[in-house]
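The structure appears below as structure tokens.
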Amino acid sequence: MKAISARGLRRRLLLAFGLIASVCLLAITFYVFQARQHVGADYTAMVADVVRAQQDPDKLRTALDRHVDLEDPHHGGELAKLLQRLPRRIEGIRLQLMRSDLPLAGYTPLLEELADIEERIEALRTQVTTAEGDEFDSRALEEVRTRGLEIEEGLAWNYSELSQLLHQASADQRRLMGWLTLAVVWLLMMVVLAVGTVMLMLVRLQRQQDTMRHLSHTDELTGLFNRRRLQEVAEQEFARRRRHASPLSLMLLDLDHFKRINDTYGHPVGDEVLSAFSDILLHQVRRLDTVARMGGEEFAVLLPNTDGEAAHRLAERVREATRAMRLPGRAHAHRLTVSIGVTEAREDDSFEHLYSRADQRLYRAKAAGRDRVESGDAKTYPIDGGPGKMPSTASGA
Ligand SMILES: Nc1nc2c(ncn2[C@@H]2O[C@H](COP(=O)(O)OP(=O)(O)OP(=O)(O)O)[C@@H](O)[C@H]2O)c(=O)[nH]1
């Protein structure tokens with residue numbers, strides 16, 4: 001599986017975080033809008049019905065007055081029609097209340113009273129319609145008036161109570177919605193915060209992992225790769241070589257008599273020399289080469305796409321540069337030299353074999369007097385690409 005870099009991961013996490021935050025923001029806006037609209041619409045409709053119903057008692061009083069004052073039986077028709085409409089209005093309000101989510105317990109006494117009024121309206125309507133066409137006596141008219149006024153009073157009181165209850169409930173509901181909205185906003189903020197924190201932690205974790213990986217691949221003193229990393233890169237290069245059949249060489253380098261530097265100038269100066277030598281190596285090689293410190297004063301350079309001849313030339317350049325190197329501090333007068341073993345990978349070779357051959361050649365270079373490059377081939381190699389001869393399989397001082 002391809003590893004994601006810390007930067008790539010951070011970019012993806014930030015993108016995800018931005019998306020989540022936007023969705024949350026949209027959800028909050030949508031919720032607040034819907035909640036306010038919903039509550040407003042329900043109560044507006046119900047309160048409007050009750051306000052209209054509150055005119056009914058006045059209409060009833062007027063109809064009664066006309067009915068009684070004119071003593072005209074035909075006016076009974078107008079009163080009867082009104083008495084027919086009133087129960088429908090009550091029924092409509094009752095249905096609205098039932099359908100709403102209001103706690104009906106507070107409304108039950110009112111609804112019961114309205115049901116009672118409905119019955120009385122029905123009785124009065126029967127009385128008025130039955131009497132239509134007959135002669136009204138004043139006693140009967142007075143009775144209609146009295147019963148009508150009782151209904152009018154009952155209706156006026158009930159509607160007024162209902163209106164108050166609805167206004168109160170509406171105010172309560174709005175307050176509740178306000179709190180709910182706040183709670184939702186708070187909750188979403190917490191979610192966003194939590195997601196952000198988790199993402200930050202993930203980014204930190206990834207950074208730590210990257211640092212750990214870097215440290216596990218790096219030599220602390222010189223900043224070069226270490227033995228483990230060289231091994232990994234070598235395995236990759238061998239796999240690549242099997243696919244593309246390109247040359248691959250290895251150079252092993254060991255500083256000569258390094259102990260003397262430590263003994264003469266002290267360990268810290270020895271450390272500085274090791275760092276300065278690393279710089280020389282890095283300066284001489286290409287970007288695709290892998291330079292590693294194997295431990296102590298021993299180094300290795302893996303050279304992809306490089307045959308033994310080119311590797312030998314490079315080794316010579318490194319040897320020359322090392323001799324010419326001015327050592328730091330009190331060691332400035334000391335001349336540092338390096339012995340180098342070079343080898344090119346053969347067909348069906350392995351890194352272990354390659355390394356072992358380079359090591360043997362390094363040993364030979366040491367044994368032959370140090371400050372030498374041993375490549376093991378009987379050929380002579382031109383140095384720096386120009387014509388030149390090597391006395392034997394080795395070159396050096
Ligand atoms: N300053 C410093 N010295 C180190 C470090 N690692 C190893 N050394 C020293 O390197 C020296 C290596 O000594 P030897 O193995 O005898 O090798 P040499 O003196 O270079 O001799 P030849 O390799 O035979 O030419 C020892 O004195 C080690 O203490 C390090 O990280 N810093």
Side-chain angles (χ1 to χ4, degrees), residues 211-234 249-285 289-303 311-312 314-343 352 354-376 390-397:
T211 311
M212 297 282 280
R213 197 181 306 133
H214 178 73
L215 287 177
S216 73
H217 285 161
T218 312
D219 172 61
E220 209 181 326
L221 176 68
T222 59
L224 297 178
F225 285 135
N226 58 16
R227 181 187 289 270
R228 182 193 309 181
R229 183 61 187 152
L230 179 78
Q231 178 92 30
E232 284 174 5
V233 176
S249 294
L250 179 71
M251 224 162 83
L252 278 189
L253 311 96
D254 193 288
L255 297 178
D256 298 329
H257 300 304
F258 187 69
K259 189 170 180 309
R260 289 183 195 162
I261 293 180
N262 270 341
D263 293 348
T264 315
Y265 309 107
H267 211 268
V269 174
D271 281 355
E272 285 183 54
V273 171
L274 290 172
S275 292
F277 178 71
S278 309
D279 291 343
I280 292 227
L281 276 180
L282 289 173
H283 186 71
Q284 293 291 336
V285 303
D289 299 332
T290 302
V291 182
R293 183 179 174 213
M294 306 306 284
E297 82 294 15
E298 190 176 324
F299 297 81
V301 184
L302 188 69
L303 303 156
H312 187 100
L314 172 65
E316 275 299 340
R317 283 205 301 276
V318 171
R319 190 181 67 79
E320 295 288 343
T322 308
R323 277 180 72 86
M325 176 180 160
R326 193 180 166 84
L327 298 194
R330 289 190 294 126
H332 66 92
H334 193 102
R335 176 161 295 180
L336 183 71
T337 60
V338 65
S339 298
I340 307 174
V342 177
T343 187
E352 286 69 33
L354 186 76
Y355 192 91
S356 164
R357 277 202 310 281
D359 201 34
Q360 283 165 20
R361 286 161 196 192
L362 172 61
Y363 180 79
R364 283 217 306 267
K366 287 274 185 190
R370 297 180 172 77
D371 190 19
R372 299 169 73 85
V373 176
E374 274 285 344
S375 65
M390 285 198 343
S392 68
T393 59
S395 63

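Note that ligands are numbered from 1 as they come in the structure, with each ligand's atoms numbered from 1 the same way. We count residues from 1, following the sequence as given.
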inquiry  = Under 3.5 Å between any N/O of Leu255 and any N/O of ligand 1: does that happen in this structure?
reply    = yes
query = With atoms numbered from 1 as shown, which atoms in ligand 1 lie under 4.0 angstrom from a non-hydrogen atom of Asp254?
reply = 23 (O)
ask   = Among protein heavy atoms, which lies nearest atom 9 (C) of ligand 1, and at what distance?
value = Asn262 ND2, 3.2 Å
Ligand 1 contact on Glu272 by region, counting heavy-atom pairs under 4.0 Å = neither
query = So, for Met325 and Val273, which heavy atoms are closest and what is the spacing to 0.1 Å?
reply = CE-O, 3.9 Å
message = Can a donor-acceptor pair be found, under 3.5 Å and without considering hydrogens, that links the side chain of Arg228 to the backbone of His217?
response = no
ask   = Any side-chain heavy-atom pair from Leu253 and Leu281 closer than 4.5 angstrom?
value = yes
ask   = Within the structure, does Asp256 bring an N/O atom to less than 3.5 angstrom of an N/O atom in ligand 1?
value = no
ask   = Between Thr322 and Val318, is there a donor-acceptor pair closer than 3.5 Å when you use the side chain of the first and the backbone of the second?
value = yes
ask   = Does Arg260 approach ligand 1 within less than 4.0 angstrom via side chain, backbone, both or neither, non-hydrogen atoms only?
value = neither
request  = Dump the intermediate steps for salt bridge (charged side-chain N to carboxylate O under 4.0 Å, His left out) on Arg229 and Glu232, then the final yes or no.
outcome  = CA-CA 5 Å; Arg229 183 61 187 152; Glu232 284 174 5; 2.7 Å; yes
ask   = Does any pair with a residue in residues 216-226 pass salt bridge (charged side-chain N to carboxylate O under 4.0 Å, His left out), and if so which ones, sequence neighbours excluded?
value = Asp219-Arg293
query = Tell me: protein heavy atom nearest atom 24 (O) of ligand 1, and distance?
reply = Arg370 NH2, 2.9 Å
query = Considering only the protein, which heavy-atom contact is closest to atom 32 (N) of ligand 1, and what is its distance?
reply = Asp271 OD1, 2.6 Å
query = So which heavy atom on Ala311 is nearest to which on Met251, and how close?
reply = O-SD, 4.1 Å
message = Students should be able to answer this: which protein heavy-atom is nearest to atom 31 (O) of ligand 1, and at what distance?
response = Arg293 NH2, 2.7 Å
message = As an exercise, identify every atom of ligand 1 less than 4.0 angstrom from a heavy atom of Gly270.
response = 1 (N)
key: Contacts of type salt bridge (charged side-chain N to carboxylate O under 4.0 Å, His left out), residue Glu298, not counting sequence neighbours   = none
inquiry  = To check your reading of the model: name the closest protein heavy atom to atom 14 (P) of ligand 1, its residue, and the distance in Å.
reply    = Glu297 OE2, 3.9 Å
Closest non-hydrogen atom pair between Thr218 and Gly223, with its separation = CG2-O, 3.5 Å
note = In this structure, atom 27 (O) of ligand 1 is nearest to the protein heavy atom Lys259 CG, 3.5 Å
ask   = Which residue holds the protein heavy atom closest to atom 22 (P) of ligand 1, what is that atom called, and what is the gap in Å?
value = Lys366 NZ, 3.4 Å
task = Measure the distance from atom 18 (P) of ligand 1 to every protein heavy atom, then report the residue, atom name and distance (to 0.1 Å) of the closest one.
result = Phe258 N, 3.4 Å
query = Is the backbone of Ser339 close enough, under 3.5 Å, to the side chain of Arg372 for a donor and an acceptor to pair up by distance?
reply = no
Residue part near ligand 1, for Leu274, under 4.0 Å between non-hydrogen atoms = side chain
